[in-house]
Amino acid sequence: MNLERVPNEEKLNLCRKYYLGGFALLPFLWLVNVLWFCREAFLAPAYTEQPQIKSYVQRSAVGLLFWVIVLTTWVTIFQTHRARWGELGDYLSFTIPLGIP
């Protein structure tokens with residue numbers, strides 16, 4: 001979709017949908033929102049809906065950063081402590097690595 005051809009009200013509506021969709025445990029939508037609407041929010045000439053779009057893009061970026069921190073922390077903890085957790089670590093694993101922990 002070319003955002004240059006879309007009316008400003010529709011841009012705001014689409015940006016709002018991606019922002020709200022991120023709360024449904026879909027942080028990928030926040031990434032799309034930030035990447036897709038960054039130019040509209042910060043580089044385009046001023047128009048009526050731009051402050052709202054800018055707000056949604058900034059909040060999407062904060063939500064995305066939060067999810068990246070949480071997921072990175074979880075992956076790090078899981079990878080370093082899985083063997084110590086014994087049976088629980090095995091139940092949480094999709095595949096059980098063979099060898100000495």
Side-chain angles (χ1 to χ4, degrees):
M1 175 187 281
N2 188 356
L3 287 178
E4 294 173 359
R5 298 180 183 179
V6 178
N8 293 335
E9 296 86 21
E10 187 62 31
K11 290 177 194 176
L12 176 61
N13 189 25
L14 188 59
C15 187
R16 181 184 301 123
K17 286 179 183 177
Y18 282 137
Y19 171 69
L20 294 175
F23 286 108
L25 300 178
L26 299 170
F28 180 71
L29 288 179
W30 283 334
L31 175 64
V32 170
N33 204 18
V34 169
L35 294 177
W36 206 8
F37 286 100
C38 191
R39 284 193 183 126
E40 287 295 320
F42 300 105
L43 301 176
Y47 54 92
T48 309
E49 292 83 3
Q50 191 177 26
Q52 292 172 311
I53 291 176
K54 190 176 190 178
S55 172
Y56 286 130
V57 169
Q58 289 172 335
R59 288 189 258 169
S60 293
V62 169
L64 178 63
L65 180 64
F66 172 77
W67 269 100
V68 166
I69 290 170
V70 168
L71 290 176
T72 302
T73 302
W74 166 246
V75 167
T76 302
I77 290 171
F78 183 76
Q79 292 294 324
T80 58
H81 293 84
R82 186 201 63 79
R84 288 186 228 159
W85 294 344
E87 200 171 313
L88 175 65
D90 291 341
Y91 284 131
L92 292 175
S93 296
F94 183 70
T95 58
I96 300 173
L98 302 175
I100 300 172

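The chain is numbered in sequence order, starting from 1. All values below come from the heavy atoms of this structure, side chains included, with hydrogens, waters and symmetry mates left out. Since the structure is predicted, the reported quantities are computational estimates derived from the model, not experimental observations.
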Checklist entry - Under a 4.0 Å N-O cut-off, is there an ion pair linking K11 with E40? => result yes

What distance do [X] atom [atom1] and [Y] atom [atom2] have between them, rounded to the nearest 0.5 Å?
{"X": "C38", "Y": "I53", "atom1": "SG", "atom2": "CD1", "result": "12.0 Å"}
{"X": "R59", "Y": "L20", "atom1": "CZ", "atom2": "CG", "result": "9.0 Å"}
{"X": "L31", "Y": "L26", "atom1": "CG", "atom2": "CG", "result": "12.5 Å"}
{"X": "L12", "Y": "T48", "atom1": "CG", "atom2": "OG1", "result": "10.5 Å"}

Hydrophobic clusters here meaning ILVMFWY residues chained together by side-chain heavy-atom distances under 4.5 Å, can you tell me if [X] and [Y] are in one?
{"X": "L88", "Y": "F78", "value": "yes"}
{"X": "V68", "Y": "L71", "value": "yes"}
{"X": "V70", "Y": "V75", "value": "no"}
{"X": "F66", "Y": "W74", "value": "no"}
{"X": "V6", "Y": "F37", "value": "yes"}

Next on the checklist: How close do S93 and R82 get, counting heavy atoms only, and between which atoms?
Outcome noted: OG-CD, 3.1 Å

Item to check | Nearest heavy-atom neighbours spanning T76 and T80 | outcome: O-OG1, 2.9 Å

Item to check | side chain to side chain contact (heavy atoms under 4.5 Å, CB included) evaluation trace for V57 with F42 | outcome: CA-CA 10 Å; V57 169; F42 300 105; 3.9 Å; yes

Next on the checklist: Running the 4.5 Å side-chain criterion over Ile, Leu, Val, Met, Phe, Trp and Tyr, what cluster does I69 land in, apart from itself?
Outcome noted: L65

Item to check | Partner residues of Y56 under the ring pair (Phe, Tyr, Trp, His ring centres under 6.0 Å) criterion, sequence neighbours left out | outcome: Y19

Checklist outcome for this item: Sorted by chain and number, sequence neighbours left out, ring pair (Phe, Tyr, Trp, His ring centres under 6.0 Å) with F28 holds for none

Checklist entry - Can you check whether A41's main-chain N or O pairs, donor with acceptor, with Q50's side chain at less than 3.5 Å? => result yes

Next on the checklist: Evaluate Y18 against W36 for side chain to side chain contact (heavy atoms under 4.5 Å, CB included), listing each step before the verdict.
Outcome noted: CA-CA 10 Å; Y18 282 137; W36 206 8; 3.3 Å; yes

Next on the checklist: Run E9 and N13 through side chain to side chain contact (heavy atoms under 4.5 Å, CB included) and show every step you take.
Outcome noted: CA-CA 6 Å; E9 296 86 21; N13 189 25; over 6 Å; no

Checklist entry - Can F23 and W30 be said to form a ring-ring contact (aromatic ring centres under 6.0 Å, His included), step by step? => result CA-CA 9 Å; F23 286 108; W30 283 334; 5.2 Å; yes

